[in-house]
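Start at 1 and go down the list; that is how both ligands and their atoms are numbered.
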Amino acid sequence: LARELCQRSFAKKVFLCNSGSEANEAAIKLARKFGSKDGRYEIIVFENSFHGRTLGALAATAQPKFHEGFGPLPPGFPVAKFNQIDSVERLITPRTAAILIEPIQGEGGVRPCSRAFLIELRALADRRGLLLMFDGVQCSLGRTGDLFSYETYGVVPDVLTLAKGLGGGMPIGAMLGSDKVATVLGPGDHGTTFGGNPVCSMAALAVLKMLSPQMLKNVKQQEDAILKGLEPLARYPFVRELRGVGLMIGMELTVPGAPFVEACRKKGLLINCTQQVVLRFLPPLALSDSERRFAIKTLRHVFEHAQAG
Ligand code: PLP
């Protein structure tokens, strides 16, 4: 599995673990070890980020509602504004080791980075000797129509974390590292009992096989068709914005999203809602035309009903 991930990505080394949080914990430790020789330990993160619920990943998650009741959290995670390069630049100090970002925020409300911003982040990290780390836990593995979301943006990180779709339902996470960081963690620096276990690794290999060029092409075709289908709905007065990349699509409302989620569920369509007002659509990558039509039709009925009500 590690070899397959390396062959299909920028990576030189892979650390296998059991979840997205664990993959991010590994990335946090790697960044700290990388910076430790000159006293650097801070990792710049972003408003509305979500990196997991273990203490390190939680500290990197810049959403106060997830922190409540669990302090004190590990220090060293200054928070920059999303898609604003000046805000990142201002936070860099002699203590900064790395930047950690989701190319498309999921829990934060389906917010894609702009391509220009990621390109600037890459250049800034290189200029200042920082690691650029992408959390691809939610937005990689075909979601954007490429195997990894960094390919969609054309910006290569030093570290990439994966989980969720990687195991197709089996618990597995991975941290991928470039040549530059391949020797930062040595034997004994980090570890896991179950990481790389045969059952989950075989499941992940099967998933990678499923993520064929045809499957990725389907994602791009379905993206175009879904956006076309959702556009008329985005004109309803209670819709603020339609956004997303590939099959990771968000519709921000001006009203709470929960009643829409419930109404869709009653009609046999599963969607969810983040940040109280953002309807999040994460359909299966193998979505068919008839399933897409059903989803749009169902949403249209729910929207018409909401408008009338
Ligand atoms: N990172 C991102 C971007 C996520 O969306 C999530 C989960 O929602 C995680 C990390 C945490 O992954 P896990 O629940 O597997 O620990």
Side-chain angles (χ1 to χ4, degrees), residues 14-31 43-63 65-67 70 73-74 77 79-80 82-83 98-113 118 121 132-144 148-150 152-153 157 159-176 190 192-197 200-201 203-204 207 243-250 261 270-276 278-283 285:
V14 172
F15 171 75
L16 295 172
C17 52
N18 311 288
S19 68
S21 299
E22 273 184 66
N24 285 327
E25 292 291 337
I28 291 166
K29 282 182 72 178
L30 182 142
I43 300 171
I44 297 175
V45 296
F46 291 85
E47 276 181 2
N48 288 320
S49 57
F50 187 87
H51 298 294
R53 296 168 190 274
T54 50
L55 283 182
L58 188 62
T61 292
Q63 297 195 57
K65 68 177 186 219
F66 290 111
H67 293 180
F70 300 110
L73 295 173
F77 296 93
V79 180
F82 196 67
N83 270 336
I99 300 166
L100 172 63
I101 190 160
E102 296 154 83
I104 305 158
Q105 288 187 335
E107 290 300 315
V110 193
R111 286 173 216 279
C113 280
L118 279 193
L121 266 190
L132 181 60
M133 311 201 292
F134 286 175
D135 178 339
V137 166
Q138 187 165 147
C139 64
S140 277
L141 295 161
R143 263 297 131 206
T144 60
F148 304 107
S149 50
Y150 77 85
T152 309
Y153 280 95
V159 172
L160 171 67
T161 56
L162 302 172
K164 288 202 191 289
L166 181 60
M170 298 296 284
I172 185 165
M175 173 179 68
L176 280 59
H190 194 54
T192 157
T193 298
F194 294 123
N197 70 75
C200 294
S201 300
V207 165
R243 55 181 180 247
V245 181
L247 289 183
M248 186 165 177
I249 296 170
V261 173
L270 293 177
I271 62 170
N272 84 359
C273 176
T274 65
Q275 304 289 317
Q276 280 92 51
V278 183
L279 299 182
R280 177 169 47 174
F281 311 117
L282 295 167
L285 307 184

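Here the side chain of Arg143 pairs a donor or acceptor atom with the backbone of Leu247 at under 3.5 angstrom. Using a distance-only test at 3.5 Å, with no hydrogens or angles considered, no donor-acceptor pair links the side chain of His190 to the main chain of Ala27.
Exactly one residue among Pro112, Cys113, Ser149 makes a side-chain contact (heavy atoms from CB on, under 4.5 Å) with Leu118. That residue is Cys113. Exactly one residue among Val137, Val207, Ile172 makes a side-chain contact (heavy atoms from CB on, under 4.5 Å) with Leu166. That residue is Ile172.
With respect to atom 9 (C) of ligand 1, the closest heavy atom belonging to the protein is Val137 CG1, 3.8 Å. Regarding atom 15 (O) of ligand 1, its nearest protein heavy-atom neighbour is Gly20 N, 2.8 Å. The protein atom (non-hydrogen) at minimum distance from atom 16 (O) of ligand 1 is Ser21 OG, 2.6 Å. The protein heavy-atom contact nearest to atom 2 (C) of ligand 1 is Phe50 O, 3.3 Å. In terms of protein heavy-atom proximity, atom 1 (N) of ligand 1 is nearest to Asp135 OD2, 2.8 Å.
The shortest N or O to N or O distance between Glu102 and ligand 1 is not under 3.5 Å. Residue-to-ligand polar distances place Gln138 within reach of ligand 1: an N/O pair is separated by less than 3.5 Å.
Only the side chain of Lys164 comes within 4.0 Å of ligand 1, counting heavy atoms alone; its backbone N, CA, C and O stay farther away. At a heavy-atom cutoff of 4.0 Å, ligand 1 is contacted by no atom of Thr54, backbone or side chain.
Residues Phe50 and Thr274 are not in side-chain contact: their nearest non-hydrogen atoms beyond the backbone lie 4.5 Å or more apart.
For ligand 1 and Ser19, the ligand atoms under 4.0 Å from any heavy atom of the residue are 15 (O), 16 (O). Against a heavy-atom cut-off of under 4.0 Å, Asn24 is close to the following atoms of ligand 1: 1 (N), 10 (C).
Considering CD1 of Ile101 and CZ of Phe134, their distance stands at 7.5 Å, rounded to 0.5 Å.
Of all heavy-atom pairs spanning Gly165 and Leu141, the tightest one is C-CD1, 4.0 Å. Of all non-hydrogen atoms in Ser21 and Gly52, the two that sit nearest each other are OG-CA, 3.3 Å.
Counting protein heavy atoms under 4.0 angstrom from atom 5 (O) of ligand 1 gives one or more.
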